[in-house]
Visitor: 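Structure below; questions to follow.
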There are 2 protein chains.
Amino acid sequence: MPKTKQFDENEVLMKAKELFSEKGYNGTSMDDLVQATGLSRSSIYDTFGDKHGLFLKSLNHYRNSQQGDMEKQCAKTDSPKKKIRSIFDYTIKNILSDKDRKGCLLINVSMELSAVDKEVAAVSLSNMEDMEQIFGSLVKEGQSKGEISKKFTPKALGRYLYSSLIGLRVTGMNRPDIDTLREIVKLALSILDVE
Amino acid sequence: MPKTKQFDENEVLMKAKELFSEKGYNGTSMDDLVQATGLSRSSIYDTFGDKHGLFLKSLNHYRNSQQGDMEKQCAKTDSPKKKIRSIFDYTIKNILSDKDRKGCLLINVSMELSAVDKEVAAVSLSNMEDMEQIFGSLVKEGQSKGEISKKFTPKALGRYLYSSLIGLRVTGMNRPDIDTLREIVKLALSILDVE
DNA sequence: GTAATTTTGGAACAAAGATTCCAAATACAC
DNA sequence: GTGTATTTGGAATCTTTGTTCCAAAATTAC
């Protein structure tokens, strides 16, 4: 009986992500969203509740897709150390292909809203902990294989690596230059070398 | 003949900075600014032109004050390596004393607005280049004194260090925990050690 | 084809936004 | 004290914002 939805929710979330990344949460109007997604106000409100609901769904959708991309990158090699490097390389690739300098939604809105939007702060923290854990596991594996220096603990290196990745993202947004970004990664990852 | 200004422009810029840091540029209303600064709409518009003008002045004022603070920190020691460490330590101190997690205005608005506000992007880039230069000079000096490893060039290390500092700031905003922040700094600066 | 149910487009609304404007208040110079 | 130039407070304005609402359109099941 029911008329089925005339749009793909994933596509809408991706387009919303583009807008929120570019203009920020408060800089994006409902009108922008209506125009970019092509669907009407009623449909948006009916499906996502309100602007904030759409935003949160879009944020989580982005988080998941990013995590998926990362796993794909990592699957290309068996070496834990190379997996780590591939995450950094992939990030550089993303920065350089981002012609409008929209940046990373998670980082952008975390900076814009963390102080006033506890839900966003929670998503951002949770994502950070995930990433630290992933890096930490890779380091642990790499250390036991002898690929990675044992000078520091996996936990400490996990946190350090994600902090470095964020630094890279922000630096790349300010100055998307491939050579300097690669050099920063080279230095940041030199800590892993086993002499 | 003229009636003199009834307020201190610096104070107003600092209070505006607080607001913009906490709520972001688009999240801060003119009403917020009127209430927080205590002065009237007319005075604000007369002095700063408009909201964006006040914002840019506030941003540059913050940038200068931060640079001043940093120089003060550095003046406490003669060792270039210790100067670098003091900048990181000072940043941790700032993060931890920032109870509302307002973060750093420069980083926040760079993430919120870079894509749509070229003036902000320019300030952010210029600040980054300054910082990289400062770090680079300190590294160069430290290398010639034998305090810092010569494995990488001052320029490369300058860029790496500022990228790390940003990573620290963002990580600290997500999770203001002194122990993990200190550990991240320890790892980030280990690259400077001369074995 | 018809009925039932849901989506959809767009008008309508109320709240909040930035900005303008002017009369009143103020402080300096003489 | 008087005059002048400037600041100041707050009302007023006009735009944009998020949200609601309802009639029309669309799709499925029978």
Side-chain angles (χ1 to χ4, degrees), chain A residues 1-59 105 108-109 112-113 115-120, chain B residues 1-59 105 108-109 112-113 115-120:
Chain A
M1 320 143 175
K3 178 180 175 188
T4 55
K5 281 238 158 66
Q6 297 294 293
F7 57 89
D8 178 6
E9 195 170 310
N10 279 352
E11 268 185 43
V12 171
L13 291 177
M14 279 180 55
K15 285 185 179 158
K17 174 223 125 194
E18 299 287 316
L19 272 181
F20 286 129
S21 298
E22 186 183 349
K23 307 176 140 199
Y25 174 71
N26 282 314
T28 302
S29 71
M30 221 54 196
D31 226 59
D32 293 335
L33 290 163
V34 166
Q35 289 205 354
T37 61
L39 42 95
S40 71
R41 285 176 156 66
S42 347
S43 303
I44 295 181
Y45 278 91
D46 202 60
T47 312
F48 304 104
D50 57 9
K51 183 186 175 189
H52 197 254
L54 167 56
F55 170 65
L56 280 181
K57 265 218 165 176
S58 167
L59 185 62
L105 182 63
N108 292 6
V109 301
E112 182 190 352
L113 302 173
V116 289
D117 188 327
K118 291 307 153 200
E119 290 184 273
V120 170
Chain B
M1 322 143 173
K3 178 179 174 186
T4 54
K5 282 239 158 63
Q6 295 296 291
F7 57 88
D8 178 6
E9 196 171 310
N10 280 351
E11 267 184 45
V12 171
L13 291 177
M14 279 178 55
K15 283 184 181 159
K17 174 223 126 193
E18 299 288 316
L19 273 180
F20 286 128
S21 298
E22 184 183 351
K23 307 176 141 197
Y25 174 69
N26 282 313
T28 303
S29 72
M30 220 55 196
D31 228 59
D32 293 335
L33 291 163
V34 166
Q35 289 205 353
T37 62
L39 43 94
S40 71
R41 284 173 160 65
S42 347
S43 301
I44 294 182
Y45 278 92
D46 201 60
T47 311
F48 303 103
D50 57 8
K51 184 186 173 187
H52 197 254
L54 167 58
F55 169 65
L56 280 181
K57 265 219 165 176
S58 165
L59 185 62
L105 181 63
N108 292 5
V109 302
E112 181 191 351
L113 301 174
V116 289
D117 189 328
K118 291 308 155 200
E119 291 184 271
V120 170

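Throughout, protein chains are lettered first and strands after them, A, B, ... in sequence-line order, and every chain is numbered starting at 1. Source: prediction; values computed, not measured.
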Visitor: Send over the distance from B/Phe48 CZ to C/dT19 P, rounded to a whole Å.
Guide: 14 Å
Visitor: Is it the case that D/dG9 (base atoms only) and B/Ser42 (side chain only) share a donor and an acceptor within less than 3.5 Å, ignoring hydrogens and angles?
Guide: yes
Visitor: Roughly, in whole Å, what's the span from CG in B/Asp46 to C1' in D/dT6?
Guide: 8 Å
Visitor: Please report, rounded to the nearest Å, how far the C1' atom of C/dA18 is from the NE2 atom of B/His52.
Guide: 14 Å
Visitor: Between C/dT19, D/dG18, D/dT7, which nucleotide gets closest to the side-chain atoms of A/Ser29?
Guide: D/dG18
Visitor: Rounded to whole Å, please give me the gap between CG in B/Leu39 and P in D/dG10.
Guide: 13 Å
Visitor: If you check the A/Lys51 side chain, which of C/dT7, D/dG18, C/dT8 turns out closest?
Guide: D/dG18
Visitor: With the side chain of B/Arg41 defined as its heavy atoms from C-beta on, choose the nearest nucleotide among C/dT20, D/dT19, C/dT7.
Guide: C/dT20
Visitor: Provide, to the nearest angstrom, the distance between the CG atom belonging to A/Asn26 and the P atom belonging to C/dA15.
Guide: 20 Å
Visitor: Donor-acceptor pair, distance only, cut-off 3.5 Å: does the side chain of A/Glu112 make one with the backbone of A/Tyr25?
Guide: yes
Visitor: Is it the case that the side chains of A/Asp32 and A/Ser29 hold a donor-acceptor pair, with the cut-off being a distance below 3.5 Å and no angle test?
Guide: yes
Visitor: Could you pull out the closest heavy-atom pair between B/Glu22 and A/Ala115, with the gap in Å?
Guide: O-CB, 3.5 Å
Visitor: In whole angstrom, give the distance that lies between atom CG of B/Leu33 and atom P of D/dG9.
Guide: 15 Å
Visitor: Hey, does the side chain of A/Ser40 come within less than 4.0 Å of C/dT8's phosphate (OP1/OP2), counting only N and O?
Guide: no
Visitor: Is the distance from OP1 or OP2 of C/dT8 to the nearest side-chain N or O of A/Ser43 less than 4.0 Å?
Guide: yes
Visitor: Could you check which of C/dT19, D/dT7, D/dG18 has an atom nearest any side-chain atom of B/Met30?
Guide: C/dT19
Visitor: Check the distance between C/dC21's C1' and B/Ile44's CD1 and give it to me in whole angstrom.
Guide: 16 Å
Visitor: Out of B/Asn108, B/Asn26, B/Leu33, which residue meets the side chain to side chain contact (heavy atoms under 4.5 Å, CB included) rule with B/Phe20?
Guide: B/Leu33
Visitor: What's the closest nucleotide to the B/Tyr45 side chain, out of C/dT20, C/dT8, D/dT7?
Guide: C/dT20
Visitor: I need the CD-P distance between B/Gln35 and D/dG10, as an integer number of Å.
Guide: 12 Å
Visitor: Please work out if A/Thr28 contacts a base, only the sugar-phosphate, or nothing of the nucleic acid, heavy-atom cut-off 4.0 Å.
Guide: sugar-phosphate
Visitor: Apply salt bridge (charged side-chain N to carboxylate O under 4.0 Å, His left out) to B/Glu11 and list each qualifying residue two or more places apart in sequence or on a separate chain.
Guide: none
